[in-house]
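Quick notes on the structure that follows.
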Amino acid sequence: MEWEVVIGLEIHAQLSTKSKIFSGASTAFGAMPNTQACAVDLGFPGVLPVLNSEAVTMAVKFGLSVDAPISKRSVFARKNYFYPDLPKGYQISQFELPVVGKGSIDIELEDGESKTIGITRAHLEEDAGKSLHEDFQGKTGIDLNRAGTPLLEIVSEPDMRSAKEAIAYMKKIHSLVQYLEICDGNMQEGSFRCDANVSLRKKGAEKLGTRAELKNINSFRFVERAINVEIERQAEILESGGKVVQETRLYDDALNKTFSMRSKEEANDYRYFPDPDLLPLEIDDAFIEAQKKTLPELPDQKKRRFIDQYALSLYDASILTSNKDLAAYYEQVVDASGKQSKLSVNWVNGELAASLNKENMQIAQSPIKATDLGVMVGLISAGEITGKIAKTVFEYMWNGEGDPLAIIDKHGLKPITDSAELEKLVDDIIAANPKQVEQYQGGQQKLLGYFVGQAMKVTKGKADPAQLNQLIKKKLK
Ligand code: ADP
Ligand code: MG
């Protein structure tokens, strides 16, 4: 049987406001447990929440960047349930009237095609506290610092057809919220996390299958793995004539399996109702227009500009613009290199990306300054250093030596351009290899490479291979 995979994601992006969504308590990460939750965050009797306007601004920016209508009037509702990390007994969220309506975003697939994914809605809500199960030997610790932290929940349409598409979508939203500077995107700290809804249906069927919801996964790799094992699990059930039950499941990465957490029957009845302590949120056109003007260049716009301005391939431009810092770094390299956009992308997406990857570092932590890398690229393109020497220079820069010109000076990496010196060197090599000379002159043209190689070895790569090629050919004629 052929199954079609259907996936919809609910992404929670923590908004990078300084204070909570309804109180003045700090949102800074890493404080001592229970030092940053105030009476409002804990819902003590008699307190009144006051909406943080910065959180609204951020939600509006998001809506505008995915071409979604901004609601002129939206309503905060109480979602009622009790949980140890939600001692006040309800979470303030938005239900029927979210601040951001239907939008969409384009994702790039591996074959270079792009696909539009629908966004159902995005709404503002507060986060709950955190239950800490480790370090307490059979007990659970509760840290309420996170209570009241602003979240934007971004709900997608069930438009994705594979784990790969789901990851591409998640990465695109991740990149977008960072471009907008509304979320730091830090997945380890839980600032960006996702629930994945997965179902299967027969190829060609209209009706969606029954879905399972995989809760709170906070790494791209785990989301992909969790979705794929869930697809296998559901396919096995359906193949053997069984039925998938609608439920919430948890992914265990150590076992690479999903486990049932609660079924639909056990699901909470949240008894949503408008929060009587909060006025409806009204947003006027002037505010929306003003926010439009503050929007930065967005990933897709930047990608198109990179393709036009720097003559890059779609592939290179997509990689560079997937991350705002990386895009800015690249532009600095190009500037410092004397507009060598293609050679710059080779070094940024090649050598530099590989080195950062190896050390698990972000572009912002690069030990090589963009201007230094750019100057080095300029030297290569001007023929001042060979690609081989550039690799050596790169190593020194990576180890913190900075300025490529100073490195070349200090380590004697100046290229040998003096033709008398090169000629002498070639003569020596020819004299030392009579057998190869005979073979070459007997018709084995391939041996030219051998002579060039010898010369490169002697000069430690400091000679121009093209120049050597010519010289050796002439001498051996
Ligand atoms: P809930 O809030 O109870 O999880 P929603 O209707 O808001 O329910 O749906 C949440 C997510 O589930 C959305 O992203 C939606 O696209 C996705 N979804 C809904 N039905 C299916 C399905 N049959 N298969 C896969 N995803 C689905
Ligand atoms: Mg859900």
Side-chain angles (χ1 to χ4, degrees), residues 3-13 62 66 68 74 77-81 83 90-105 107 115-128 151-174 192-217 223-224 226-235 237-238 242-251 258 260-272:
W3 302 101
E4 185 181 37
V5 175
V6 175
I7 303 167
L9 298 188
E10 294 157 275
I11 291 176
H12 285 95
F62 176 81
V66 294
S74 65
R78 287 188 183 180
K79 179 178 180 180
N80 298 282
Y81 68 98
Y83 201 71
Y90 63 89
Q91 176 193 19
I92 306 177
S93 181
Q94 295 188 308
F95 188 51
E96 281 145 342
L97 294 171
V99 59
V100 173
K102 259 184 192 306
S104 70
I105 196 163
I107 59 169
K115 174 173 174 175
T116 302
I117 304 293
I119 290 173
T120 316
R121 58 186 276 165
H123 63 254
L124 285 163
E125 62 184 25
E126 61 177 346
D127 208 345
L151 298 177
L152 186 67
E153 176 169 344
I154 303 156
V155 182
S156 87
E157 290 288 303
D159 284 349
M160 287 148 278
R161 294 291 171 266
S162 66
K164 285 245 163 357
E165 285 187 19
I167 296 305
Y169 166 79
M170 199 177 163
K171 285 191 169 162
K172 195 66 184 275
I173 298 281
H174 188 242
F192 190 89
R193 45 196 208 258
C194 125
D195 302 340
N197 296 271
V198 180
S199 69
L200 299 184
R201 65 178 167 189
K202 279 184 195 157
K203 275 253 159 77
E206 186 99 8
K207 199 166 162 276
L208 292 180
T210 306
R211 70 183 151 124
E213 181 177 10
L214 308 173
K215 268 281 176 216
N216 261 332
I217 327 175
V223 173
E224 182 164 357
I227 290 174
N228 281 327
V229 294
E230 180 58 21
I231 291 170
E232 269 176 48
R233 188 189 71 88
Q234 292 187 13
I237 294 175
L238 296 170
K243 273 192 176 146
V244 173
V245 290
Q246 187 173 336
E247 62 183 350
T248 304
R249 297 180 71 86
L250 283 181
Y251 173 68
T258 64
S260 180
M261 185 176 147
R262 59 177 127 86
S263 70
K264 198 185 176 189
E265 288 71 46
E266 298 162 62
N268 292 296
D269 170 11
Y270 294 122
R271 293 169 292 122
Y272 278 99

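Atoms within each ligand, like the ligands themselves, are counted from 1 in listed order. Only heavy atoms go into these numbers, but all of them, side chains included; no hydrogens, no water, no symmetry mates. Along the sequence shown, the residues carry numbers beginning at 1.
- K102 is listed as a side-chain neighbour of E157, based on a closest heavy-atom distance under 4.5 Å.
- Heavy atoms of L9 found under 4.0 angstrom from ligand 1 belong exclusively to the backbone.
- Between atom 3 (O) of ligand 1 and the options R211, E10, E213, Q246, the minimum heavy-atom separation is to R211.
- With a 4.5 Å cut-off on side-chain heavy atoms, E165 and I7 do not count as touching.
- Residue L208 places no N or O, backbone or side chain, under 3.5 Å from any N or O of ligand 1.
- For G209, a nitrogen or oxygen atom sits less than 3.5 Å from a nitrogen or oxygen atom of ligand 1, counting backbone and side chain alike.
- For ligand 1, the atoms sitting less than 4.0 Å from at least one non-hydrogen atom of E157 are 16 (O), numbered in the order shown with element in parentheses.
- Close contacts of ligand 1 with P158, meaning ligand atoms under 4.0 Å from a residue heavy atom, involve 16 (O), 26 (N), 27 (C).
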For K79 and E153, run salt bridge (Lys or Arg N to Asp or Glu O under 4.0 Å): C-alpha distance rounded to whole Å, both residues' side-chain angles, the deciding distance at 0.1 Å, then the answer. CA-CA 14 Å; K79 179 178 180 180; E153 176 169 344; 6.0 Å; no

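- Contacts of V155 with ligand 1, taken as heavy-atom pairs under 4.0 Å, involve the side chain alone.
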I would like to know whether L238 and L200 meet side-chain contact (heavy atoms from CB on, under 4.5 Å); could you show each step before the answer? CA-CA 9 Å; L238 296 170; L200 299 184; 3.8 Å; yes

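- Not one N or O of T210 is nearer than 3.5 Å to an N or O of ligand 1, by distance alone.
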Yes or no on side-chain contact (heavy atoms from CB on, under 4.5 Å) for T258 and Y251, after CA distance, side-chain angles and deciding distance? CA-CA 4 Å; T258 64; Y251 173 68; 4.0 Å; yes

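- Closest non-hydrogen pair, E247 versus S263, comes out as CB-CA, 3.8 Å.
- Looking only at side-chain heavy atoms (C-beta outward), K202 and W3 come within less than 4.5 Å of each other.
- In the vicinity of S156, heavy-atom distances shorter than 4.0 Å reach the ligand 1 atoms 13 (C), 14 (O), 15 (C), 16 (O).
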